[in-house]
Amino acid sequence: MKALLVIDIQNDFCPGGALAVPNGDRIIPVVNRLIDQFDTVIQTQDWHPAGHHSFASSHEGKNPYDTTELDYGTQVLWPDHCVQGSKGAEFHPDLNSLKSQVVIRKGFRKGIDSYSTFFENDQETSTGLTGYLKNRGITELYAVGLATDFCVKWSVLDGIREGFKLHIVKDAVAGINLNGSLDAAWREMKAAGTGILTSDQLLK
Ligand code: VGL
Ligand code: ZN
């Protein structure tokens, strides 16, 4: 059984937001059309406590987009974004969230970031999604949302690692592109065997 995985379509990742992905909101009409076509829709929500360690503001002398070494490796430092309970953390108002059967929140532990919706950035702390999918008999995921080169990429790669068949819908994702991260993301996803398609191949 297949499901649509709608990743982090939140105000802060859209134009006007704290960590805006260029044209992040342009994908929303396409994503809504895809949502109409799927029986099973899963959404993710970046959900950080104030003072989260992925925020540059939590590290003295650091600026957004610098990096730092945390316990689990190198971490990009971001502007404060998707703070629990803030407007920026809410789903974009144009996104149809009504059909979502489960929302996986991630990044809620102060000391650890979570790009992937399967594992936090230490690559071992599970979000529980694998168990949810297996219990529901879901074997195949179509990934859409933000940002191609961070949360989408890590979700796709970890999903494959967890034994699922992963597809990415090219015109239903948008990227941040930090030092070539977007090209690298497409290369890595291709190399891992991700199915790459456009929305018209799914829309009837
Ligand atoms: C994301 C950076 C920080 C994403 C989340 O959703 O791609 N990127 N937090
Ligand atoms: Zn985040």
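Only heavy atoms go into these numbers, but all of them, side chains included; no hydrogens, no water, no symmetry mates. Atoms within each ligand, like the ligands themselves, are counted from 1 in listed order.
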**Prompt:** Does Ala147 reach ligand 1 with a nitrogen or oxygen that is under 3.5 Å from one of the ligand's nitrogen or oxygen atoms?
**Reply:** yes
Can you tell me if, anywhere in [X], an N/O/S atom lies at a distance from the Zn ion (ligand 2) that is smaller than 2.8 Å?
X     : value
Asp8  : no
His48 : yes
His81 : yes

**atom 8 (N) of ligand 1 - nearest protein heavy atom and its distance** = Phe150 CB, 3.9 Å
**Prompt:** When you measure from the centre of the six-membered ring of Phe164, is the NZ or CZ of Lys134 under 6.0 Å away and within 45° of the axis?
**Reply:** yes
Heavy-atom closest pair, residues [X] and [Y]:
X      : Y      : answer
His53  : His59  : O-NE2, 2.7 Å
Gly175 : Ala147 : CA-CB, 4.4 Å
Cys151 : Leu146 : CB-O, 3.8 Å

[X] neighbourhood, listing ligand 1 atoms whose heavy-atom distance to it stays under 4.0 Å:
X      : result
Cys151 : 1 (C), 4 (C), 5 (C), 6 (O), 7 (O)
His81  : 3 (C), 9 (N)
Asp8   : 4 (C), 6 (O)
Asp46  : 5 (C), 9 (N)

**Complete:** Here the gap from Thr130 atom OG1 to Phe118 atom CZ, rounded to the nearest 0.5 Å, amounts to 5.0 Å
**Message:** Test of understanding: given a 4.0 Å heavy-atom threshold, classify the contact between Leu146 and ligand 1 as side chain, backbone, both, or neither.
**Reply:** backbone
**Asked** In Asp46, which N, O or S atom comes closest to the Zn ion (ligand 2)?
**Response** OD2
**Partner of Val173 by side chain to side chain contact (heavy atoms under 4.5 Å, CB included), out of Val30, Asp149, Val21, Val152** = Val152
**Item:** Neighbour count >12 (heavy atoms, 6.0 Å) for atom CH2, Trp154
**Value:** no
**Prompt:** Counting only N and O atoms by type, is there a donor-acceptor contact under 3.5 Å from the side chain of Asp25 to the main-chain atoms of Phe13?
**Reply:** no
